[in-house]
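Notes to accompany the following structure.
For clarity, every value in this text was computed on a predicted model and none was experimentally measured.
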Amino acid sequence: MNIQKGIVMKKGTLSFNTIVVLSLVFLKEAYATTCTEPILSNCTCTGTPLLVQCSKKGFTEIPKLFPASTRRLQFAINKITRIDNGAFSSIPDLTSIDVGINKISRIDSGAFSGLQSLSKLFLDDNRISSIKPGTFTGLTSLVILHLQTNNLTTVSANMFDKVTLLKSLYLNRNPLLCCTMVDFFEWIPNQRSIQALTGTCHDFNTQTDIKSFDPSKCPVDGQWGSWSTGPCSVTCGQGFINRNRSCDSPSPFNNGTDCIGSSTDSLSCTLAGCPVDGQWGSWSTGPCSVTCGQGLINRNRTCDSPPASNNGTACIGSSTESLSCTLAGCPVDGQWGSWSIGPCSVTCGQGLINRNRTCDSPPASNNGTECIGSSTDSLSCTLAGCPVDGQWGSWSTGHCSVTCGHGIRYRNRNCDSPPASNNGTDCIGCSIDSLSCTLAGCPKSYGKYGREAGSWIRKTRKWKWITSRYY
């Protein structure tokens, strides 16, 4: 089946008719009755521009996903309790939202942000008791706003832009106290497009139509004016500013309450830093320069408690110092003292001197080692030579005075074993001597000198006997 639609088109002075044939397929796309998103499976999506119809489907919150072409939303008669920030951010081209007859008690201030094409908003029959500032700010196309049958006691101009395109604002069946809506009544005259404003006020135990309410009869609570500005209590560093204010913006009127709070106050103030003189920090603790005995500790400190600042003077004195330190005594190894000097063991000649020494220069202490070596010793000593008495050496051996028979053998000796020295006595006795000697017998013939020779021998023997006796 095809549907023919005639369209008259003009170009310049030429008119002609064009027959546009729309197929059934196109009609199905334009008037689809099902929503493809699973969360919207019980809803219907119809019309051009697209209407998502989800009324009476038991929703408890606004779904996050809608067809991108959605322009109108119907979520009336559900169980939705709140509208969160950015609830409709996925479909910024919405023109109409109906969430009437739900259980909405909270609307975040950014719930409708970015919906610049939104022209109709229905929030009737909910449980809304307050609306946050800025909730409808930025809805530059909003024309109709329904807030009927809620729990609103006040409506403030700060919910809206300064100037809007609103034509209809319905506030019926709310317990409005119009004396709390002074800024709203000052805002209304600036909305040149408003044609319908409905609602009633319940001030002074009287119900009054919102359009005829006279806010000048309302009590005006006092509001504080601006704080005065006083000087800082110091010329540098941290101080205080004492300030005051008056309850005159406005002053209390028609039995309005006085301003709450103090008319005086103090604030801290900070000027250029005061000069701060440097102060030394604590000395560091260093090690002793030795591991035993007397030593030094080198320590230092920093001018940082506080450091000099703002032209304050630096620390006076040295940043380094040395202190004496005393640890346990160092080990001292024993050292020998001088040898004692004793007498020689003899009064003359070669002898020995026995000497000794003591391990006391210094003695061993603090686990130091004892002296190494002997405490006693012997040295040779030489005095003037001792008297030596001369002693005879051995007799020399001479020849017999004859070649045969009986003769005399002369011998001698020297006083040299040893010789006398150092005033010793010389040898006692003769240095020469004779002894008889007998050789083989001589022949009896005396020859030419036989008798005379025998006589000479006899004389010689007698003389030898005499000399050996007296010498």
Side-chain angles (χ1 to χ4, degrees), residues 290 292-294 329-443 449 452-471:
V290 296
C292 61
Q294 292 287 333
C330 296
V332 176
D333 294 337
Q335 300 292 328
W336 291 112
S338 300
W339 287 102
S340 65
I341 299 175
C344 192
S345 60
V346 296
T347 58
C348 64
Q350 291 289 330
L352 292 175
I353 294 176
N354 292 318
R355 61 179 186 171
N356 57 63
R357 58 183 176 176
T358 305
C359 188
D360 60 359
S361 296
S365 61
N366 300 320
N367 296 319
T369 60
E370 293 291 336
C371 296
I372 298 172
S374 176
S375 63
T376 61
D377 189 19
S378 294
L379 296 177
S380 63
C381 53
T382 303
L383 302 180
C386 294
V388 177
D389 293 337
Q391 298 294 326
W392 292 111
S394 299
W395 287 103
S396 64
T397 303
H399 297 287
C400 192
S401 60
V402 296
T403 59
C404 63
H406 296 283
I408 297 173
R409 188 188 299 275
Y410 293 99
R411 61 180 183 174
N412 58 64
R413 59 182 177 177
N414 294 316
C415 188
D416 60 0
S417 295
S421 61
N422 299 321
N423 298 317
T425 60
D426 212 346
C427 295
I428 299 171
C430 295
S431 63
I432 58 175
D433 190 17
S434 63
L435 297 173
S436 63
C437 56
T438 302
L439 301 178
C442 293
Y449 302 102
E452 287 82 5
S455 176
W456 179 83
I457 291 170
R458 285 194 297 273
K459 289 180 181 179
T460 301
R461 286 182 178 170
K462 182 178 181 181
W463 175 83
K464 181 60 178 175
W465 176 79
I466 293 172
T467 57
S468 62
R469 184 173 181 180
Y470 293 100
Y471 292 96

To the closest 0.5 Å, what do you measure between [atom1] ([X]) and [atom2] ([Y])?
| X | Y | atom1 | atom2 | value |
| --- | --- | --- | --- | --- |
| N354 | C344 | CG | SG | 10.0 Å |
| I353 | S378 | CD1 | OG | 9.5 Å |
| D426 | Q391 | CG | CD | 10.5 Å |
| S394 | D416 | OG | CG | 9.0 Å |
| R409 | C400 | CZ | SG | 5.5 Å |

What pair of heavy atoms forms the shortest contact from [X] to [Y], and how long is it?
| X | Y | result |
| --- | --- | --- |
| G349 | C386 | N-SG, 3.8 Å |
| W339 | D377 | CH2-CB, 3.3 Å |
| S401 | C437 | N-SG, 3.9 Å |
| T369 | A364 | O-CB, 3.4 Å |
| W336 | C371 | CE2-CB, 3.4 Å |
| L439 | T403 | CD1-C, 3.2 Å |

Task: D389: salt bridge (charged side-chain N to carboxylate O under 4.0 Å, His left out) partners, not counting sequence neighbours - done: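 Counting only residues at least two positions away or on another chain, D389 forms no salt bridge (charged side-chain N to carboxylate O under 4.0 Å, His left out).
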- [ ] Output all residues satisfying side chain to side chain contact (heavy atoms under 4.5 Å, CB included) with N412, sequence neighbours left out; order by chain, then residue number.
- [x]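 Here the qualifying residues are S396, I432.
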Check: [Y] main-chain N/O paired with [X] side-chain donor or acceptor under 3.5 Å:
| X | Y | answer |
| --- | --- | --- |
| D433 | R411 | no |
| S345 | G351 | no |
| N414 | G393 | no |
| R357 | S374 | yes |

Open item on the list: So S436 and H406, do their side chains get closer than 4.5 Å, heavy atoms only?
Closed with: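 A side-chain contact under 4.5 Å is absent here.
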- [ ] Mind checking side-chain hydrogen bond (donor to acceptor under 3.5 Å, both in side chains) for S375 and listing every partner two or more places apart, or none if nothing turns up?
- [x]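 Result, side-chain hydrogen bond (donor to acceptor under 3.5 Å, both in side chains) vs S375: none returned.
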